[in-house]
Amino acid sequence: MIAALVALALAAPQVAPATPAAPPPVSTPPTAPVPATLTRVVLTTDAGPVTIGVDTRAAPITAANFLKYVDGKKLDGVSFYRAVKVADGYGIVQFGTRNDAKRTLPPIKFEPTTQTGLSHTDGTISMAMAAPNTATGDFFVVVGDLTSMDAKDGQPGFAAFGRVLEGMDVIRKILLAPTSPTLGEGAMKGQMLAPAIRITGARRAP
């Protein structure tokens with residue numbers, strides 16, 4: 001039985017998802033939404049491009065928030081700064097504004113997976129937060145099926161709002177990138193990328 005997740009805070013003091021428990025060894029293939037129903041966004045990173053499909057139908061509030069960051073160019077120059085390896089082929093990579101006042105927008109209303117119908121399967125993008133209704137400008141991508149991050153058993157989980165359409169090889173490369181043994185507070189110590197992987201631009205794509 002996978003333990004319920006509790007969010008932790010970074011010293012930045014940016015909030016982030018807690019380290020998920022290791023999943024069973026076999027991952028079921030994700031059921032992706034039809035790409036034509038998604039708004040495509042390309043993240044240009046120092047590790048390569050990543051194309052994200054943002055699901056504005058299933059998660060309209062959370063998706064609109066991400067697109068505000070994209071359209072306002074608030075993600076240009078931020079980094080993938082955290083990689084959590086929970087098992088071989090499983091984990092999360094995190095990026096975003098880290099509470100930079102010049103980049104960060106107000107918190108948004110929480111859309112749980114019980115409402116959106118989405119799930120934290122391989123390639124899902126979701127919101128980092130300390131508690132419901134606190135998410136702002138930090139996001140994470142799931143590697144492997146980590147459905148323990150969905151809402152269930154009285155736990156809110158996290159707000160998924162899309163998935164990686166192209167570039168999961170880049171995401172997996174980031175997950176395996178070097179981390180600092182000293183950076184990070186509490187359970188996040190040892191999870192901070194060193195160096196962080198810069199996002200040079202985030203733009204809508206045709």
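In this structure, Q191 CD and S180 OG are separated by 11.5 Å, a value rounded to the nearest 0.5 Å. Interatomic distance, N133 CG to I108 CD1, rounded to the nearest 0.5 Å: 9.0 Å. Rounding to the nearest 0.5 Å places CD of Q155 at 11.0 Å from OG of S148. Here CG of L146 is found 9.5 Å from OG of S119. Values are rounded to the nearest 0.5 Å. Between T134 atom OG1 and M127 atom CE the span is 8.5 Å, to the nearest 0.5 Å. Distance check, rounded to the nearest 0.5 Å: CZ of F95 to CG of L75 gives 6.0 Å.
Judged by distance alone, with hydrogens and angles left aside, the side-chain atoms of R103 form a donor-acceptor pair with the main-chain N or O of K74 at under 3.5 Å. Using a distance-only test at 3.5 Å, with no hydrogens or angles considered, a donor-acceptor pair links the side chain of N65 to the main chain of T136. Between the side chain of K85 and the main chain of Y90, no donor-acceptor pair closer than 3.5 Å is present. Side-chain atoms of Q94 do not come within 3.5 Å of backbone N or O of A128 as any donor-acceptor pair.
Among all heavy-atom pairs drawn from D145 and D122, the shortest one is OD1-N, 2.9 Å. Scanning both residues, G190 and T179, for their nearest heavy atoms gives O-OG1, 3.0 Å. Considering every non-hydrogen atom in both D55 and A63, the closest pair reads O-CB, 3.6 Å. Nearest approach of M129 to G157, heavy atoms of both residues: CE-O, 3.0 Å. Scanning all heavy atoms of the two residues, the minimum distance from A205 to V42 falls at CB-CG2, 3.7 Å. For T56 against T39, the heavy-atom pair with the smallest separation is CG2-OG1, 3.8 Å.
Checked against a 6.0 Å centroid threshold, the rings of F140 and F158 count as neighbours.
Residues V54 and L105 are members of one and the same hydrophobic cluster, defined by side-chain heavy-atom contacts under 4.5 angstrom among Ile, Leu, Val, Met, Phe, Trp and Tyr. By the criterion of side-chain heavy atoms lying less than 4.5 angstrom apart, applied directly or through intervening Ile, Leu, Val, Met, Phe, Trp or Tyr residues, Y69 is grouped together with L67 in one hydrophobic cluster. Follow the hydrophobic side-chain contacts under 4.5 Å out from I199 and you reach V164 in the same cluster. Linking ILVMFWY residues whenever their side-chain heavy atoms come closer than 4.5 Å, directly or via other members, places I197 and M168 in the same cluster. Taken together through direct or relayed side-chain contacts under 4.5 Å among Ile, Leu, Val, Met, Phe, Trp and Tyr, V70 and I125 form part of one hydrophobic cluster.
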Handout entry: Working for side-chain contact (heavy atoms from CB on, under 4.5 Å), residues I92 and V141
Key = CA-CA 6 Å; I92 65 170; V141 178; over 6 Å; no
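For the 3.5 Å distance criterion, the side chains of S126 and H120 qualify, holding a donor opposite an acceptor.
A 4.5 Å side-chain heavy-atom check between F66 and V41 finds at least one atom pair inside the cut-off. Within the 4.5 Å cutoff, the side chain of K73 has heavy atoms near those of the R203 side chain. In this structure, T121 and T147 have side chains that are in contact, with non-hydrogen atoms separated by less than 4.5 Å. L165 has its side chain within reach of L38: a pair of non-hydrogen atoms, C-beta onward, lies under 4.5 Å apart. Here the side chains of L193 and I174 are in contact, with some heavy-atom distance below 4.5 Å. With a 4.5 Å cut-off on side-chain heavy atoms, K102 and T97 do not count as touching. Contact of the R82 side chain with the M188 side chain is registered, since non-hydrogen atoms from C-beta on lie closer than 4.5 Å. For the pair P112 and P156, the minimum side-chain heavy-atom distance is 4.5 Å or more.
Each of T124, T116, T62 was evaluated against F161; a single residue qualifies, T62, per the side-chain contact (heavy atoms from CB on, under 4.5 Å) test.
Relative to the six-membered ring of Y81, R98 meets both conditions, a distance below 6.0 Å and an angle of at most 45° to the axis.
Classification of R198 and D76 as a salt-bridged pair fails, no side-chain N sitting under 4.0 Å from a carboxylate O.
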